[in-house]
Amino acid sequence: SSNSQGNAFLVPGATVATLLMLGVLHARRLYDDKKVEEAREKGIEFEFRPDVKATFLRMLPLRSISRVWGFLTNLEVPVWLRPHVYRAWARAYHSNLEEAALPLEEYASLRDFFVRTLREGCRPIDPDPYSLVSPVDGTILRFGELEDAGAMIEQVKGFSYSVTSLLGSHSLLSMIAEKNTQHKSSNIEQESTQREKSKKSWWWISLASPKVRETVSECPMKGLYYCVIYLKPGDYHRIHSPVDWNVLVRRHFSGRLFPLNERATRTIRSLYVENERVVLEGLWQQGFMAIAAIGATNIGSIELFIEPELRTNRPRKKLLPTEPPEDRVYEPEGVGVMLKKGDGLAAFNMG
Amino acid sequence: STVVLVFQAPTSKSPKNTDASKFRFSIRRGDRIRVGQALGR
């Protein structure tokens with residue numbers, strides 16, 4: 001009987017101990033985040049510093065965890081429970097429920113709620129024809145001008161990644177950079193050998209079209225700019241078009257699914273060039289334009305409204321950490337898909 | 001999740017462009033931004 005009494009206390013004891021431990025870890029996490037927030041307000045920036053947790057994350061089956069999360073959040077919530085679940089989510093992640101386009105009962109699952117649209121007029125598009133607008137809601141992490149296509153973007157102080165590793169080595173950008181050098185040296189035979197060498201590659205074909213070539217040649221000497229925007233879990237997660245532009249190609253990197261929060265950017269190297277991401281490249285009136293949508297463990301899915309059949313966060317067939325990216329050229333070649341400033345373009349989703 | 005924009009725009013480095021046509025950001029690091037708000041002009 002003492003044995004069975006011992007067992008009777010085992011389960012509740014273990015449960016209480018686990019909850020206590022999780023509580024302590026969460027408190028510690030809140031304390032760390034508060035410290036980072038205070039430091040940021042003082043203008044102090046933490047340097048890049050890998051830690052044990054980052055190494056540990058590399059061993060975890062993050063893609064499976066992400067897919068299980070997607071399965072759970074896709075489960076249908078009973079209608080009577082929906083307002084309570086979505087209000088709890090909104091409270092935890094500071095979402096603004098007033099802006100949701102539909103009554104809360106209409107969202108069948110947390111995943112449906114997460115990718116909600118907003119009521120008409122909630123996001124007015126800046127009317128200035130010379131403005132470039134934000135494609136998402138979020139926090140500005142970094143922005144600036146780059147020397148050239150080979151330039152580096154700082155992930156955090158002390159660690160940078162190259163634009164070509166983010167967009168891919170076959171990026172239209174590298175071709176424009178080449179044309180810039182050709183334009184400078186205006187060496188004609190170099191251009192014809194270039195055509196021979198890369199007759200097959202898509203961007204040479206797409207550049208054959210007059211519209212694209214005139215856009216590229218009209219702006220021989222432009223600056224190259226970038227902007228990095230972080231979306232918190234409670235933010236509106238649809239992506240809109242920043243300008244009027246033609247989307248010529250989509251490039252999908254299956255990659256990894258590390259978390260993308262503030263701590264991860266300080267401790268995991270090459271985060272943005274290792275994680276699963278979808279890159280859209282094309283041309284606007286000033287030249288090259290690209291948007292890279294980068295997934296994370298909890299938000300591993302990227303849905304394109306211009307290519308609904310694209311699936312991301314697929315179960316990994318091979319254990320290759322980095323498969324080559326998969327390109328798709330949008331028809332008609334050289335013109336692609338035309339989007340107006342503010343048009344809905346894509347959406348992140350959970351799992 | 002994170003979105004990275006990379007784009008060409010007029011810069012004051014090229015001889016043809018006057019400073020007036022150089023692209024300028026209208027944001028600061030750490031700013032909260034919403035869809036449709038200008039990042040620069």
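In what follows, every chain begins at residue 1, and chains take the letters A, B, ... in the order their sequences are listed. Everything numeric in this text was worked out from a predicted model, so none of it was measured.
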Legend entry - Enclosure of A:F305 CZ (heavy-atom neighbours >12, cutoff 6.0 Å): yes

Legend entry - Shortest non-hydrogen contact from A:G223 toward B:T11: N-CG2, 3.2 Å

Legend entry - Contact origin within A:P124 toward chain B - heavy atom pairs under 4.5 Å: backbone

Inset, instruction - Could you check which of A:G144, A:G300, A:S241, A:C122 has the highest count of heavy-atom pairs closer than 4.5 Å to chain B? - result: A:G144

Legend entry - Side chain to side chain, B:L39 and A:F143, heavy atoms closer than 4.5 Å: no

Legend entry - From CG (A:N261) to OG1 (B:T2), nearest 0.5 Å: 9.5 Å

Inset, instruction - For A:D137 and B:V35, indicate whether the former's side chain and the latter's backbone hold a donor-acceptor pair under 3.5 Å. - result: yes

Legend entry - Sub-4.5 Å side-chain heavy-atom contact between A:L167 and B:V4: no

Legend entry - Over all atoms of both residues, closest heavy-atom pair of A:S134 and B:R34: CB-O, 3.5 Å

Inset, instruction - Could you tell me which non-hydrogen atom of B:L5 sits nearest to which non-hydrogen atom of A:P135, and how far apart they are? - result: CD1-CD, 3.9 Å

Legend entry - Toward chain B: residues of residues 224-237 of chain A with heavy atoms under 4.5 Å: A:L224, A:Y225, A:Y226, A:C227, A:V228, A:I229, A:Y230, A:L231, A:K232, A:D235, A:Y236, A:H237

Inset, instruction - Identify the two heavy atoms, one from A:A296 and one from B:S1, that lie closest to each other, and give their separation to 0.1 Å. - result: CB-N, 4.4 Å

Legend entry - Interatomic spacing from CZ in B:R29 to OG1 in A:T139 - rounded to 0.5 Å: 12.5 Å

Legend entry - Residue part contacting chain B, namely of A:I302, when any heavy atom lies under 4.5 Å: neither

Inset, instruction - To the nearest 0.5 Å, tell me how far A:D128 CG sits from B:S26 OG. - result: 9.5 Å

Legend entry - A:A293 to B:V3 - nearest heavy-atom pair and separation: CA-CG2, 4.4 Å

Inset, instruction - Look at A:R277, A:M289, A:K341, A:R238 and state which one has the largest set of heavy-atom pairs under 4.5 Å with chain B. - result: A:M289

Inset, instruction - Would you confirm whether B:Q8, through its side chain, and A:F288, through its main-chain N or O, come within 3.5 Å as a donor-acceptor pair? - result: yes

Inset, instruction - Can you establish whether the number of heavy atoms outside A:Y130 located under 6.0 Å from its atom OH is more than 12? - result: no

Inset, instruction - Below 4.5 Å from any heavy atom of chain B, which atoms of A:V163 appear? Answer side chain, backbone, both or neither. - result: side chain

Inset, instruction - For B:F23 and A:L132, work out which heavy atoms get closest and say how close. - result: CE1-CB, 4.2 Å

Legend entry - Region of A:L271 that comes under 4.5 Å of a non-hydrogen atom in chain B: neither

